[in-house]
Amino acid sequence: MINIRSVNKVYGEGPNAVTALRDINLEVPQGGIYGVVGRSGAGKSTLIRCVNMLETPTSGQVLVDGQDLTQLDEQGLRLARHQIGMIFQHFNLLSSRTVYDNIALPLELMKADSAQIKAAVEPLLELTGLTDKVDHYPSQLSGGQKQRVAIARALATKPKVLLSDEATSALDPHTTRSILELLKNINRELGITILLITHEMEVVKRICDRVALISDGSLIEEDEVGHFFTHPTTALGHEFVETALSQPLPEGLEDRLHANKAPSRRPVIRLTFSGDSVQAPLITQLARQFSVDVSILQAQVEHIQSQVLGRLLAELSGSDEAIAQAMTHLESQPVRLEVLGYVQPV
Ligand SMILES: Nc1ncnc2c1ncn2[C@@H]1O[C@H](COP(=O)(O)OP(=O)(O)OP(=O)(O)O)[C@@H](O)[C@H]1O
């Protein structure tokens, strides 16, 4: 649905030139919810703004529904943008217009008559839960309600694609959840493809099917969300995943953890399981096959999209040889093994 091919973007020229995107290739499938994550300044906004040509790529192609937007003139671009709605972190509503009139704006610009506008706006008010706010002005609305208006406005031209630029970053966690639910609902009910950028892995975890990670203008990782959470391949990917999954260590453990192995110290390991490996009797196997005792310190099971993700923190005890064999076995299994450190038995 969205094909980004070899896109580069350089701002400015000469010694002041800033390369914001480097040879980005990305394919967003039709009907999916696709997340792009990265640290501040990585190039996320530039990337999403290249998809509706708010920024023109320096080179490369951007195809939406098969049409290469980089080849269109102003008139062609104006028409193509009817297929692409966009929402922003700070809502960008017109303060002098009511909720109804904000949603109607893109239709007015398309010269729709009042009957057409009414027929389009009313179902959107219902979909976004704003029916009782129709005559309110933006100043009379909460942040979440303002974003709902912006979403309804973005859908007014019946786009095939919705772009979301940090749409929940200005909202509290509860409101964030309700807006993400709304986006998911829109994706499901209307079949709209959503491309969102965010610096919050929580957003990706909740609603995205696929995710891309960008760093310093380059795409460094791309995956299905459940797999990304269990098998990040880069150090940055790992860091992002941790922000969304990490739980505080059990009380007192941090103080007891040593970085180095010593004869009497026992390893504390973290196992991350996904899919079928959640069901696998790995722990009992360790005990039986390798004469290793496993004390579970913490356990957690989460559902990320269609994937089940389990995390287990455990202390292993047994002879050095048995522990080494058990670790080798774990490394060969479809789980992620991390050694957090070593503890002296209490
Ligand atoms: N209009 C511009 N002129 C010059 N440089 C720009 C412009 N817009 C962005 N940049 C630069 O391009 C790089 C990427 O910026 P961009 O805003 O796309 O990153 P981002 O990942 O969206 O960051 P943030 O999460 O902080 O918004 C940064 O180095 C930024 O300073």
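Remember, it's 1-based here, ligands and their atoms both numbered in the order they're listed. We use all heavy atoms of the structure for the numbers below, so side chains are in, but hydrogens, waters and symmetry mates are not.
The ring pair (Phe, Tyr, Trp, His ring centres under 6.0 Å) search around H227 returns H231, not counting sequence neighbours.
Nearest non-hydrogen protein atom to atom 19 (O) of ligand 1 is G43 N, 3.2 Å. The protein heavy atom nearest to atom 9 (C) of ligand 1 is Y11 CE1, 3.4 Å. Closest to atom 27 (O) of ligand 1 among all protein heavy atoms lies S45 OG, 3.8 Å.
Against a heavy-atom cut-off of under 4.0 Å, K44 is close to the following atoms of ligand 1: 18 (O), 19 (O), 20 (P), 21 (O), 22 (O), 23 (O), 25 (O). Which parts of ligand 1 touch S40 is read off a 4.0 Å heavy-atom cut-off, strictly below it: atoms 23 (O), 24 (P), 25 (O), 26 (O). The distance from ligand 1 to the heavy atoms of T46 drops below 4.0 Å at these ligand atoms: 15 (O), 16 (P), 18 (O). When each atom of ligand 1 is checked for a heavy atom of R39 under 4.0 Å away, the hits are 21 (O).
For the residue pair L245 and E302, the shortest heavy atom distance occurs at CD2-OE2, 3.4 Å.
Compare A20, G41, A42 by their heavy atoms: the one nearest to atom 28 (C) of ligand 1 is in G41.
Residue E166 has no N or O atom closer than 3.5 Å to an N or O atom of ligand 1. Among the atoms of V18, none of the N or O lies under 3.5 angstrom from an N or O of ligand 1.
Checked by atom type, the side-chain pair T233/E221 shows a donor-acceptor distance below 3.5 Å. For the residue pair Q344/H258, the side-chain donor-acceptor check at 3.5 Å is not satisfied.
Two residues are said to be in side-chain contact when any heavy atoms from C-beta on lie closer than 4.5 Å; K205 and F228 fail this criterion. Between R265 and V343, every side-chain heavy-atom pair lies at or beyond the 4.5 Å cut-off.
Each of L253, L297, L313 was evaluated against L340; a single residue qualifies, L313, per the side-chain contact (heavy atoms from CB on, under 4.5 Å) test.
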